[in-house]
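Data first, discussion second: the structure below is written as structure tokens.
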Amino acid sequence: MTSAVQIVRVADGQAVPYEIQIGAGLLSRAAELIATALGDLPRSVHIVSDTTLAPLYAPAVRESLESAGAKVFLHTIPLGESEKSWQRLEALTDAILANGIERSDALIALGGGVVGDITGLAGALLLRGVSVVQVPTSVLAQVDSSVGGKTAIDTRHGKNLIGAFYSPRLVLCDLSVLSSLPVRELRCGFAEIIKYGLAFDADFFAWLEDKAAILSNPKDSAFAEVLGVAVQKSCQHKARIVADDARDTTGKRALLNLGHTFAHALETTLGHDSQALKHGEAVGLGLVLAARLSESLGMAQAIAEPVMRLNQRLGLPVALSDIGLDASHHDKIVQAMRYDKKTAGGEIHFVLLQAIGQAVFPCTAEQQAVREVLA
Ligand SMILES: NC(=O)c1ccc[n+]([C@@H]2O[C@H](COP(=O)([O-])OP(=O)(O)OC[C@H]3O[C@@H](n4cnc5c(N)ncnc54)[C@H](O)[C@@H]3O)[C@@H](O)[C@H]2O)c1
């Protein structure tokens with residue numbers, strides 16, 4: 001694994017610009033890197049993690065911070081999307097307040113997107129805003145959820161409906177932690193990585209095709225290095241997009257939702273807590289369906305086949321049958337799309353493609369055209 005640290009700067013206009021640092025072994029340098037980003041080491045630091053990750057990775061972060069003189073509190077939350085709840089947010093903020101926190105203190109989100117989203121929101125709310133450092137441990141969190149300042153919890157009315165735009169002060173993508181990530185979670189991250197190539201960067205898409213054999217084999221000696229490059233490239237795209245449209249108002253940030261209208265509808269159809277379909281898998285299949293719809297509307301040619309091939313090589317689904325759905329589910333899927341947050345005036349607005357590397361938004365399609373690509 002490369003020991004060099006790559007830095008991507010994010011100037012999203014929300015707050016102070018911040019850095020994404022990408023490299024191996026960053027956890028044990030947490031104190032030094034946080035002190036540099038914040039101008040000083042906070043007196044107290046609250047690490048938030050989940051029950052899988054806290055025992056694996058909190059000790060290294062704690063040791064770095066304590067040996068530099070910071071007081072460290074560890075808050076461990078249970079696993080799963082259901083933890084992005086009012087109840088967990090209340091319990092977490094209450095525990096942090098009980099430990100004591102000042103405006104100059106910091107929260108560290110050490111985990112995947114679930115930990116990152118709830119910790120980011122807690123950071124926005126506590127004392128009207130304390131510093132948040134994201135230390136994403138899943139590929140999905142490293143290339144997507146930790147960057148861009150979207151924080152949220154879910155409600156019974158839907159996912160991510162209560163939240164705030166609140167940027168972190170630093171993102172530390174330690175590539176060493178990815179070695180413990182289950183293969184299925186790894187593939188979920190690949191879907192978001194493919195998305196960046198497909199939406200914005202044909203050369204990156206071709207590079208992923210070229211490196212697919214390595215990425216599909218974590219035992220390959222080049223795996224860690226290639227994954228590191230893919231994370232870096234993806235973060236560059238995310239940083240560029242959020243700098244252009246931090247608050248998701250101009251349509252540019254919406255391009256990051258390529259494949260997601262289909263993905264959310266598939267997740268709704270199977271149930272959001274379904275073990276049969278993870279979010280990243282739904283995004284992977286959503287990319288195929290978006291490419292097929294772009295072709296069937298005459299917007300693009302010969303793009304679906306390469307996406308399907310790349311998905312297959314990286315272990316992602318390419319057809320409804322791969323996730324246990326069939327024609328009897330088409331009505332439910334189309335119905336679920338009508339509740340997509342990009343729906344406006346009753347019309348579903350898709351992110352579609354003019355070519356590989358050229359996503360466009362908003363695009364509309366007749367229900368019949370959507371049904372045809374599901375088949
Ligand atoms: N804020 C945003 O912009 C944004 C963007 C995309 C997704 N999200 C959110 O992110 C969440 C999904 O994130 P996720 O896929 O990281 O899910 P997650 O946080 O549930 O992590 C997935 C699983 O992998 C485990 N894990 C993570 N890193 C590991 C590691 N290094 N070793 C071993 N196990 C590890 C976790 O413990 C968990 O069980 C969703 O809630 C979604 O809404 C937010």
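Just so you know, ligand 1 is whichever comes first in the structure, and atom 1 is the first atom listed for that ligand.
The protein atom (non-hydrogen) at minimum distance from atom 20 (O) of ligand 1 is V114 CG2, 3.4 Å. Given atom 2 (C) of ligand 1, the protein heavy atom at minimum distance is S145 CA, 3.6 Å. Closest protein heavy atom to atom 42 (C) of ligand 1: K84 NZ, 3.8 Å. In terms of protein heavy atoms, atom 36 (C) of ligand 1 is closest to D50 OD2, 3.5 Å. Protein heavy atom at the shortest distance from atom 21 (O) of ligand 1 is G112 CA, 4.2 Å. In terms of protein heavy atoms, atom 27 (C) of ligand 1 is closest to T137 OG1, 3.5 Å. When only non-hydrogen protein atoms are considered, atom 16 (O) of ligand 1 lies nearest to S138 OG, 2.6 Å.
Listed by number with element, the atoms of ligand 1 under 4.0 angstrom from any heavy atom of E81 are 40 (C), 41 (O). Counting atoms of ligand 1 from 1 in the listed order, those under 4.0 Å from a heavy atom of S180 are 30 (C), 31 (N), 32 (N), 33 (C). Residue N160 approaches ligand 1 through these ligand atoms, each under 4.0 Å from one of its heavy atoms: 43 (O). Of all the atoms in ligand 1, the ones that sit under 4.0 Å from a non-hydrogen atom of D144 are 5 (C), 6 (C). Heavy-atom proximity to T52, at under 4.0 Å, picks out these atoms of ligand 1: 34 (N), 37 (O).
Salt bridge K278/E185: present, at least one basic N to carboxylate O contact under 4.0 Å. Using a 4.0 Å cut-off between charged nitrogen and carboxylate oxygen, E281 and R187 do not count as a salt-bridge pair.
Proximity of K159 to ligand 1, defined as any heavy-atom pair under 4.0 Å, is confined to the side chain (atoms from C-beta onward). Using a 4.0 Å cut-off between heavy atoms, L53 contacts ligand 1 through its side chain alone, with no backbone atom that close. Contact annotation: for L181 versus ligand 1, heavy atoms closer than 4.0 Å belong to both the backbone and the side chain. Residue contacts with ligand 1, taken as heavy atom pairs separated by less than 4.0 Å, involve L79 solely via side-chain atoms from C-beta onward.
At a 4.0 Å cut-off, at least one heavy atom of P182 sits close enough to ligand 1 to count as contact.
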- [ ] Apply side chain to side chain contact (heavy atoms under 4.5 Å, CB included) to H349 and T261, showing your working.
- [x] CA-CA 8 Å; H349 285 176; T261 303; over 6 Å; no
Open item on the list: For a side chain to side chain contact (heavy atoms under 4.5 Å, CB included) check, start with the C-alpha distance between D117 and I153, then their side-chain angles and the critical distance, and finish with the verdict.
Closed with: CA-CA 7 Å; D117 277 10; I153 54 170; over 6 Å; no
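Atom 25 (C) of ligand 1 is never approached by the protein to below 4.0 angstrom, counting heavy atoms only.
Taking only nitrogen or oxygen atoms, main chain and side chain alike, V177 reaches within less than 3.5 Å of ligand 1. At least one N or O atom of D117 sits closer than 3.5 Å to an N or O atom of ligand 1. On a distance-only criterion, A141 and ligand 1 share no N/O pair closer than 3.5 Å.
Here salt bridge (charged side-chain N to carboxylate O under 4.0 Å, His left out) pairs that include residues 252-271, with residues two or more places apart or in two chains, are D244-K252.
Taking only non-hydrogen atoms, the option from P78, G113, G111 nearest to atom 11 (C) of ligand 1 is G113. Considering only non-hydrogen atoms, atom 22 (C) of ligand 1 lies nearest to E185 out of E185, R253, K238.
Taking a 6.0 Å sphere around CD of E295, one finds it holds more than 12 heavy atoms contributed by other residues, nucleotides or ligands. Enclosure of atom CD in E90 is not indicated, since only 12 or fewer non-hydrogen atoms of other residues, nucleotides or ligands lie within 6.0 angstrom.
Closest approach of R103 to L127, counting heavy atoms only: CD-O, 3.2 Å.
Remark: aromatic rings of Y196 and F205 are distant, center separation not under 6.0 Å.
Counting only distance, with no hydrogens or angles, the side chain of D40 and the backbone of A35 share no donor-acceptor pair below 3.5 Å. No donor-acceptor pair under 3.5 Å is formed between the side chain of D50 and the backbone N or O of P78.
Following chains of ILVMFWY side-chain contacts shorter than 4.5 Å, one cannot reach L140 starting from L198, and the two form parts of different hydrophobic clusters.
Every ring pair (Phe, Tyr, Trp, His ring centres under 6.0 Å) that F200 has, sequence neighbours left out, goes to H237.
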